[in-house]
Amino acid sequence: MPELPEVETTRSGIAPAILGRRIVAVVVREPRLRWRIAADLPEAVAQQTVRNVRRRAKYLLIDLDRGSLILHLGMSGNLRVMDAQIAPITHDHVDIVLETGQCLRFNDPRRFGSLHFTADDPHDHPLLKRLAPEPLDDDFNGDYLTKVARGRKVTIKQFLMNSHVVVGVGNIYASESLFRAGIRPRRAAGRITKEEMARLATAIKAVLRDAIKAGGTTLRDYVNPEGASGYFRQKLFVYERAGEPCRRCKTPIRQLTQGGRSTYFCPACQR
DNA sequence: ATGGGCACCTGGCTGC
DNA sequence: TGCAGCCAGGTGCCCA
């Protein structure tokens, strides 16, 4: 499911229900996620109060009195706020039960998601420690991209999906950003001009902001914490639109495969 | 350091 | 109806 806008939508959606609330229990029905949930996680977390809900890359950080939960939604995960008494359905792997009688329920069919507890600053956790800048921060810009792309032969599409370059940009928004910036996805990262990199950084920020405003993109199974779909899908220019006319110039959108993932682009608008 | 490929997992769809 | 094959929003790890 989720790229940065979907995780951000999840963050802002769960925050009102859990901020300042005490966790009374963590119910783990299926510990075998991408990494097995630590057996002692529930007791480490129980009776602690939620102090903050943050996002770093595609990770949700739930700060407690002492330590933080680090949660990733993987490809197919979602978090919902609901009454803890409601019977769980298939793939409802974890409940974080609150004093209010509500719970945060983590559903993830493919189990590529993860849940960790750390007693330390979560930014120092091995999974987060070496991540690149946030795309919406000011230090992510054309100059930065130009600098890190120097000499790189990897294609610009795969470069954008590398979490050591920039975080939060996955398969949908990589294609969409390149369309908005007018850049062909197969060009070498090191051969994109300074001016093009400036356009690209601006395009990434714009597409992510627009998608957050629309509540994210629902392709198949993403739902927000209230169970509703995001509606950015209608605003996609190229993703999953192979053969359909470009919204800007009517040329049929093309699809290709890079690193085993589908890429979409307009051969006329992108050079 | 860089780049490429694989692995992890379930479910939905297509075509025979 | 059944089943094989392919595809899907991520990313850590191993190898050359």
Side-chain angles (χ1 to χ4, degrees), chain A residues 1-11 29-37 55-60 70-79 89-94 106-116 125-132 135 147-177 185-191 204 207-208 211-212 214-224 229-242 255-264:
Chain A
M1 121 215 183
E3 301 185 38
L4 186 151
E6 294 74 40
V7 179
E8 183 57 31
T9 299
T10 299
R11 190 201 63 75
R29 299 185 195 85
E30 173 55 86
R32 296 173 303 162
L33 303 187
R34 179 154 194 204
W35 292 280
R36 174 173 279 271
I37 297 174
R55 178 190 58 72
R56 171 72 173 113
K58 297 172 190 166
Y59 292 95
L60 281 169
I70 301 173
L71 189 147
H72 198 293
L73 297 171
M75 286 277 262
S76 59
N78 65 66
L79 267 184
I89 60 173
T90 311
H91 307 307
D92 277 345
H93 304 314
V94 180
F106 183 28
N107 182 287
D108 183 11
R110 292 177 73 179
R111 288 194 272 124
F112 288 171
S114 62
L115 178 63
H116 291 86
H125 190 278
L127 289 172
L128 309 199
K129 203 171 186 170
R130 309 170 74 177
L131 292 175
K147 186 182 66 171
V148 295
R150 185 164 301 147
R152 299 289 295 271
K153 295 188 164 126
V154 69
T155 68
I156 187 65
K157 157 74 162 18
Q158 292 175 280
F159 184 71
L160 289 184
M161 291 178 65
N162 180 343
S163 65
H164 299 306
V165 173
V166 60
V167 299
V169 181
N171 208 35
I172 299 176
Y173 300 110
S175 282
E176 293 296 312
S177 302
R186 275 190 292 209
R187 290 176 55 193
R191 305 195 62 164
I204 290 167
V207 74
L208 294 177
I212 291 169
T217 301
T218 298
L219 293 175
R220 284 161 264 282
D221 47 20
Y222 172 70
V223 291
N224 71 19
S229 297
Y231 52 94
F232 195 68
R233 187 175 193 179
Q234 297 126 266
K235 305 201 176 165
L236 297 175
F237 281 94
V238 292
Y239 193 80
E240 285 197 339
R241 296 195 63 242
Q255 175 176 8
L256 51 90
T257 300
Q258 296 180 279
R261 319 292 300 277
S262 285
T263 303
Y264 302 84

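Throughout, protein chains are lettered first and strands after them, A, B, ... in sequence-line order, and every chain is numbered starting at 1.
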Approximate separation, where rounding is to 0.5 Å, of [X] [atom1] and [Y] [atom2]:
X: A:His116; Y: A:His125; atom1: NE2; atom2: NE2; result: 4.5 Å
X: A:Leu127; Y: A:Tyr59; atom1: CG; atom2: OH; result: 4.0 Å
X: A:Leu71; Y: A:Leu79; atom1: CG; atom2: CG; result: 5.0 Å
X: A:Asp108; Y: A:Arg34; atom1: CG; atom2: CZ; result: 11.5 Å
X: A:Glu6; Y: A:Asn224; atom1: CD; atom2: CG; result: 11.0 Å
X: A:Ile37; Y: A:Glu30; atom1: CD1; atom2: CD; result: 8.0 Å

Using a cut-off of 6.0 Å, state whether more than 12 heavy atoms not belonging to A:Arg29 lie near its atom CZ. yes

Over 12 foreign heavy atoms within 6.0 Å of CZ, A:Arg56: yes

Please name all residues satisfying side-chain contact (heavy atoms from CB on, under 4.5 Å) with A:Val148, sequence neighbours left out, ordered by chain then number. A:Tyr144, A:Phe159, A:Val165

Pick one: which of A:Glu176, A:Glu240, A:Arg241, A:Gln255 meets side-chain hydrogen bond (donor to acceptor under 3.5 Å, both in side chains) with A:Tyr264? A:Gln255

In A:Tyr173, A:Tyr239, A:Tyr222, the residue satisfying side-chain hydrogen bond (donor to acceptor under 3.5 Å, both in side chains) with A:Thr217 is A:Tyr173

Who passes salt bridge (charged side-chain N to carboxylate O under 4.0 Å, His left out) against A:Arg111, sequence neighbours left out? none

Looking only at side-chain N and O atoms, does [X] come under 4.0 Å of OP1 or OP2 in [N]?
X: A:Ser262; N: C:dA8; value: yes
X: A:Arg261; N: C:dG10; value: yes
X: A:Tyr222; N: C:dG10; value: no

Options C:dG9, C:dA8, C:dG12, nucleotide nearest the side-chain atoms of A:Leu127: C:dG12

Please examine the side chains of A:Arg233 and A:Thr218, heavy atoms only from C-beta on, and report whether any two atoms are closer than 4.5 Å. no

C1' atoms of B:dG3 and C:dG9, separation to the nearest Å: 23 Å

How far does the P atom of B:dA1 sit from the matching atom of C:dT11, given to the nearest Å? 22 Å

Which atoms of nucleotides 2-4 of chain B (N or O only) lie under 3.5 Å from a protein N or O atom, and what are those distances?
residue, atom, partner, partner atom, Å
B:dG3, OP1, A:Lys153, N, 2.7
B:dG3, OP1, A:Val154, N, 3.0
B:dG3, OP2, A:Arg152, NE, 2.5
B:dG3, OP2, A:Arg152, NH2, 2.7

Treating a pair as Watson-Crick (purine N1 to pyrimidine N3 plus N6-O4 or O6-N4) or G-U wobble (N1-O2 and O6-N3) with both distances under 3.5 Å, list the stems of 3 or more consecutive pairs that involve DNA chain B. B:2-8 with C:10-16, B:10-16 with C:2-8

Among A:Gln158, A:Lys157, A:Arg186, A:Met161, whose side-chain contact (heavy atoms from CB on, under 4.5 Å) with A:Thr263 holds? A:Lys157

Calculate the interatomic distance between [X] atom [atom1] and [N] atom [atom2]; express it in whole Å.
X: A:Lys58; N: C:dG10; atom1: NZ; atom2: C1'; answer: 6 Å
X: A:Leu115; N: C:dG10; atom1: CG; atom2: P; answer: 20 Å
X: A:Leu71; N: C:dG10; atom1: CG; atom2: P; answer: 16 Å
X: A:His72; N: C:dG9; atom1: NE2; atom2: C1'; answer: 11 Å
X: A:Leu4; N: C:dT11; atom1: CG; atom2: C1'; answer: 16 Å
X: A:Met161; N: C:dG9; atom1: CE; atom2: C1'; answer: 9 Å
X: A:Asn162; N: B:dA1; atom1: CG; atom2: P; answer: 14 Å
X: A:Arg220; N: C:dA8; atom1: CZ; atom2: C1'; answer: 5 Å

Collect all protein-nucleotide pairs involving nucleotides 13-16 of chain C in which both atoms are nitrogen or oxygen and the distance is under 3.5 Å.
none

In 5'-to-3' order, the base (B), backbone-only (S) or no-contact (-) status of each nucleotide in nucleotides 7-14 of chain B, using a 4.0 angstrom heavy-atom cut-off, is -BBBS---

